Amino acid sequence: MTPTISVSNLSKHYKVPERDGGMKAAVISLFNRKYRTVKAVDDVSFNIEAGEVVGFLGPNGAGKTTTLKVLSGLLHPTSGMVNVLGYEPTKRSHDYLRQVALVMGNRNQLSWDLPAIDSFELQRAIYSIPLNEFKKTRDDFIDLLELKDLVNKPIRNLSLGERMKMEIVGALLHRPKVLFLDEPTIGLDVTMQRRIRTFIKEYNQRWGATVLLTSHYMADVEALCKRVIVIHHGHTLFDGELNQLVTQFSSFKTLGVTLPDPEIDLSQYGEVLTRDGARVTLRVPKAKTSQVTANLLSDLQVDDLTVEDTPIDDVIDSVFTSTKEAK
Amino acid sequence: MRRYIDFYLATMRISILEQIQYSVANYFYMIGMITEPVIYLVVWTTIARQQGGTTGGYTVGAFAAYYIIWTLVRNMNIVFTPFGWEWRIREGQLSMMLMRPIHPIHSDVAFFAGWKFVVILLWLPLAAILSWIFKPTFDIRWMEVIVFSLAIWGAYLIRTMLLSLLGMITFWTTRVSAIFELYFGFELILSGRLVPMTLMPVWIQNLSNYLPFKWTFFFPIEALVGNLTDVQLWSGFGMQLLWIATGIFLLNIIWNFAIKQYSAVGG
């Protein structure tokens, strides 16, 4: 089966001017301008099948947004092949644009001064959505995101989270087959983040849409993505299932131990991460987890003991930190 | 075609709704805008009176007519500016527009066209007040009204194409305000905005025949308040169509290069 998104050896390089600070360097740069090539994306390859929800992870400047922009046809790649739904995105064919959507958490396309309901009508015209289909989709989305009381208020009078929900509705009214979501929950409170996650999940399941999501909130990724692609300095570091990422990059487990005596020193069992009254968390090498657990239970009176994988945030952080140090 | 008509109507509706939202601000904006023609009008009518009531074939009443119609043509000439393109690219708004299956120029043309309907409505009482004060002399034929009604939209489209072409420069560099200012300087002199073109030196009048500017300003005004024959009226409108076609042609070519340069820096 042909993948919905196919990226092969994608590179996007920018030539940027640079100079030293100060007046002398500024004057010299007028006559002798120096450039540096920035490899925003460098030889990245991956395939995404129809209906998959894939997390695209990486620190700021890793190349995530650049890749999304190439996939959505905004940027022309320096080299490599990109194919989405059988289209070459850079050709920006209208048929292609009708089947995709790019939602950026910090950008809006709805009219600031008008109620969203008016802007939705414009979206209908832009995407030539048949009227009945438009009304049904719009009303479904409004119900799903609980926006009924808000659609008649001007966008400028809505909170950030409410605005984002409206933006998502506007962006998906044409029921795109492929969604590029660039930090859709950025700056939102926990409740609003959860609501948007649920909606994306529902959309994916209901319409079988393919979703490529970037987010710095691991809760988004954990809730939505079975598979993640980790990118750093323009290179792919990892492409696989989320739990494999933890297995591959984390050689530790976290033990939570509750003791009747909060004074007992547990440092001989592992690295003490936190101590909150009688509750202590320990970091222990994965290979020694069984042994340490057995020792704790045999040596001490333990009220409660939990064994957990390292939180995904910590794993990701350690991946990026180790790569940085290795450079 | 039906898709475009639907899009244009929907965008114009949005534009009108937005302008209604800010109708008071729009009115003050228009009142502010008549300062410029009133200054020109006072200067030229004073000169005309000092020269026995006529300057360059324009009577005091004819000057008043020219500059009152000027206010409408000026408003019809307001389009999305190159500064707007600069802002749109810098703020990442263009990225969102490029994700739509419709060219951004269509959005601009439709949006500002919707605005014009509000502008024309707001202009009517202003024109009445200016007429009451400055006593213009009009000698208007039906053919002139018809051509003028078309020519103000022709002017709008020519200027949209020109300023969009200028705006394309921002795909290569986003610091081009100086180039824009230079353009507006030329436009001021060669369009009939500063003075009727017939008062300009002959060489400037000749030069303006080969440039698009006068078809955006002087021609629509002259179509209504001048003494053009039917042939002159329709051939002038033909020139507008020619410049619109040239603008669309150039815009298509430059857009294809520009879009490859787009770096989506702003978002």
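If you're wondering where the values come from, they're calculated on a predicted model, not measured in any experiment. Labels below follow one simple rule: chain letters A, B, ... track the order of the sequence lines, proteins then strands, and each chain is numbered from 1.
In this structure, the ring of A:F199 has its center less than 6.0 angstrom from the ring center of A:F141. B:F213 and B:F186 have their aromatic ring centers separated by at least 6.0 angstrom.
Aromatic ring pairs are classed by plane angle as parallel below 30°, tilted from 30° to 60° and perpendicular above 60°; the pair B:W153 and B:F117 is tilted.
Here A:E167 pairs with nothing under the salt bridge (charged side-chain N to carboxylate O under 4.0 Å, His left out) rule; sequence neighbours left out.
Here A:D42 does not pair with A:K12 in a salt bridge; the nearest charged N to carboxylate O distance is not below 4.0 Å. Residues A:E121 and B:R13 are not paired through a salt bridge, judged by the lack of any N-O separation under 4.0 Å between the basic side chain and the carboxylate. Salt-bridge formation is not detected for the pair A:K148/A:D139: no Lys NZ or Arg NE/NH1/NH2 atom is positioned less than 4.0 Å from an Asp or Glu carboxylate oxygen. The pair A:R124-B:D6 meets the salt-bridge criterion, since a charged nitrogen lies less than 4.0 angstrom from a carboxylate oxygen.
Residue contact with chain A, scored on non-hydrogen atoms closer than 4.5 Å, is absent for B:R2. Both the backbone and the side chain of A:S111 come within contact range of chain B, judged by heavy atoms closer than 4.5 Å. Using a 4.5 Å cut-off between heavy atoms, B:I259 contacts chain A through both its backbone and its side chain. In this structure, the portion of A:L114 lying under 4.5 Å from any heavy atom of chain B is its side chain and not its backbone. Looking at B:Y8, there are no atoms closer than 4.5 Å to chain A (heavy atoms on both sides), in backbone or side chain.
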*Test A:D43 against A:S11 for side-chain hydrogen bond (donor to acceptor under 3.5 Å, both in side chains), laying out the working first.*
CA-CA 5 Å; A:D43 201 25; A:S11 294; 5.2 Å; no
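Taking B:M97, B:H106, B:K260 one by one and counting their heavy-atom pairs under 4.5 Å with chain A, the maximum is reached by B:K260. The choice from A:L75, A:D182, A:I126 that makes the most heavy-atom pairs within less than 4.5 Å of chain B is A:I126.
Applying a 4.5 Å heavy-atom cutoff, the residues of residues 88-100 of chain A that approach chain B are A:R92, A:H94, A:L97, A:R98, A:V100.
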